[in-house]
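I have placed the structure first, in the form of structure tokens, so that the comments after it can refer back to it.
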Amino acid sequence: MVKLKIDNFEVEVKEGTSILDAARSVQIDIPTLCKHPDVDPSAGCGMCIVKVGGRIMRSCCTPAAEGMEIITNDAELQEIRKTVLELILSNHPNDCLKCARSGQCELQEMAMQMGVDRDEIRKILAQKEIDDSTQAIVLEPSKCIVCGRCVDICQNQQNVWALSYLNRGLPTKISGANDAKLANTPCIKCGQCAAHCPTGAITEYDDTKKVWDMLKDKELVTVVQIAPAVRVALGEEFGYDFGENLTGKIYAALRRLGFAKVFDTNFAADLTIIEEATEFVKRFTNKENLPLFTSCCPAWVDYMEKYYPERLPNLSSCKSPHQMLGAVAKTYYAQKAGIDPEKIRVVSVMPCTAKKWEIHRHETMRSSGCQDVDVVITTRELAKMIRQAGINFKGLKDELADDPLGEYSGAGTIFGVTGGVMTAALRTAYFYITGQELGKLNFEAIEGLEGIKAAEVDINGTKVRIAVVNGVGNVEELMNQIRNAEEAGEDMPYHFIEVMACRGGCIAGGGQPKVMMHNLPKPWGINDEIRKLRSKGLNDEDEEAKNRLSHHNASIKQLYAEFLGKAGEGKAHELLHTKYRQRDLYK
Amino acid sequence: MSDVSQAAQIANKWRKKRGSLIMALHEIQDVKGYVDWQDAVDVSLNMGVPLARIYEVLTFYNFFKLEAPGKAVISVCTGTACYLKGNDKVLEKFKSELGINEGESTKDKMFHLQSVRCVGCCGLAPVCVVNGKTYGRMTPEMVPEILAEWRKTFEEE
């Protein structure tokens with residue numbers, strides 16, 4: 001521990017703590033545009049300067065030391081910071097009126113905070129081409145302040161290496177290697193770059209107009225589904241606390257937007273569990289293609305296809321829940337309701353940008369005979385639509401989802417948080433193998449934000465070894481463990497592995513709200529505190545649920561009995577499973 | 001080993017040495033005169049360095065050429081004396097005449113345009129150098145003449 005004085009407050013912090021973090025511990029917010037708790041300090045923006053014994057230093061990358069006397073704020077520091085900010089603004093367009101990030105932009109907020117009221121420095125605005133090639137994430141390099149968060153996230157945290165800096169000085173821009181369009185790079189569309197961008201330089205690809213056009217067309221029957229993680233995050237856009245579960249209000253809002261039916265991806269999560277647990281039990285019993293990797297996360301699937309094609313036989317062939325729902329909406333539901341499937345449109349509201357890519361990723365995404373899911377919008381886009389429609393979200397009364405694709409168990413809802421898919425699958429796999437229910441439905445060892453979590457589960461005297469990875473950057477270590485065991489001729493270290501590309505799982509996906517709540521400490525947008533609160537929202541719903549087991553979902557049983565037949569076979573396999581192929585890192 | 005590219009061989013030589021990416025890239029440029037996409041891919045595969053990182057290095061340093069330069073390399077001096085005496089306008093004229101930017105080559109691979117800092121004959125400012133031949137007291141009007149001269153030279157070859 002080291003003791004120091006910050007603005008005359010005595011502070012004691014762990015050795016190695018930055019001055020920036022030490023100051024936050026005594027409620028002093030030193031402004032910064034580049035430092036984020038998820039990334040390493042880069043000393044990029046120059047806003048976080050403080051005086052250390054009279055010398056001006058950057059607080060993000062200066063460790064607190066014994067006996068330091070620090071001034072974080074005086075007239076001189078304010079003046080320097082304002083000049084630094086004006087220099088940053090001198091090559092940032094004044095596009096706030098038409099910027100997707102307006103109102104949730106750290107740069108805009110900083111300009112207000114620092115009292116910027118004119119362009120002090122003549123602007124030099126370089127024309128830099130917009131890259132929307134992925135149709136999932138949009139790069140607008142002219143709005144980039146070169147803070148480096150996205151590059152650190154993409155390279156060092158996610159280990160994807162799609163984004164990089166090109167050039168130096170004023171022409172510096174974020175881009176793929178050799179200025180490649182993102183769609184031609186290893187980009188997996190996880191959107192963590194967008195989740196961490198302090199400005200409007202990286203955002204989701206806006207599909208709201210497509211949805212409005214469908215809703216306008218009276219010939220169509222446009223149905224909607226919401227992912228697990230949406231329900232514990234959307235509220236943030238309308239003044240609710242982090243993690244508050246607003247499922248009923250979201251259903252009500254979706255009906256007011258004009259959707260003909262409101263379904264729930266949680267229902268399809270239960271369906272996924274039936275298929276995936278069946279698949280696991282089969283593979284585990286026959287000892288084939290183990291370990292089995294989960295396949296609900298499209299960014300992870302893309303990563304596997306690009307970086308570990310030799311392991312593709314180990315990837316579960318199950319489609320992700322919203323794709324399953326799309327497929328049964330245009331077959332089972334269409335049949336039941338007597339609607340021509342060609343007239344049905346399925347819209348998925350997802351916490352995720354990679355889901356926008358997923359709906360076209362393979363020909364099996366048209367297993368119903370039409371496009372199974374027509375459009376994906378993110379949680380942020382849904383909030384935008386609710387505002388555009390003039391709906392007072394806070395005053396809405398709770399409503400219920402529609403049959404036959406609305407009922408869900410607690411197991412379905414925890415799909416949105418790291419460890420949740422594994423937990424849900426084990427509950428059902430245990431039942432399939434033993435014919436009995438698990439005594440204890442949670443596995444503490446696989447909860448939380450640790451990058452790789454492992455546990456051993458006893459099923460009828462057989463030990464099932466499981467691992468849960470969150471943050472796709474942790475996959476390399478896991479794959480090395482597997483390879484080392486193989487090369488040493490040892491037992492496979494794991495039988496069943498869940499991977500979610502984003503730290504914390506879908507609750508912290510690339511399409512989740514990035515709200516600035518002024519009553520809350522910085523940084524805004526996403527951090528581990530927010531991840532924990534949203535996770536708690538889903539875990540609480542599971543614990544309070546009447547049914548916490550996918551295989552007891554009555555609507556699911558009905559779906560198999562009336563339509564699908566046996567899990568993993570015939571029609572179920574045709575509609576609910578997919579295939580994989582190797583993809584090149586660069587096109 | 002004939003099917004292994006020059007770049008791959010060089011990359012292989014450096015692979016065991018930590019932090020030697022830039023050395024490998026230097027050597028490739030020394031040998032070939034430039035480092036193109038295929039070279040970068042070969043370095044990536046043989047050194048285990050992501051392409052994104054390789055292009056960060058290649059585009060950070062002015063020194064690296066990303067494609068085979070044109071036959072005539074036009075160096076426009078933008079050192080202090082030449083710049084003050086109006087070489088910025090000469091550079092602009094070259095750009096518009098050739099339809100390329102600094103650091104680029106024409107499609108027919110005849111010309112490569114680059115700016116350099118001081119060629120050591122400030123008395124002649126503003127100065128341009130084309131394949132070793134020095135042109136002093138430059139004006140934008142001289143640009144088309146110089147280009148015509150070099151086109152003629154290449155045609156005669």
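Just so we're on the same page: letters track the sequence lines, and every chain starts at 1. On a predicted model such as this, the values are computed, not experimentally measured, just so you know.
- Contacts between B:L58 and chain A at a heavy-atom distance below 4.5 Å are absent for every atom of the residue.
- Surrounding NZ of B:K109 are more than 12 heavy atoms belonging to other residues, nucleotides or ligands, all under 6.0 Å away.
- Of the two parts of A:L163, only the backbone, made up of N, CA, C and O, holds a non-hydrogen atom closer than 4.5 Å to a non-hydrogen atom of chain B.
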Note each donor-acceptor pair with a separation under 3.5 Å, taking one atom from chain B and one from chain A.
from: B:R53; atom 1: NH2; to: A:Q155; atom 2: OE1; distance (Å): 3.2
from: B:E56; atom 1: OE2; to: A:Q155; atom 2: NE2; distance (Å): 3.2
from: B:E56; atom 1: OE2; to: A:Y165; atom 2: N; distance (Å): 2.9
from: B:T59; atom 1: OG1; to: A:N167; atom 2: N; distance (Å): 2.8
from: B:F60; atom 1: O; to: A:R168; atom 2: NH1; distance (Å): 3.3

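- For OH of B:Y83, the number of neighbouring non-hydrogen atoms (other residues, nucleotides, ligands) closer than 6.0 Å is 12 at most.
- The environment of NZ in B:K32 is crowded: more than 12 heavy-atom neighbours from other residues, nucleotides or ligands sit within 6.0 Å.
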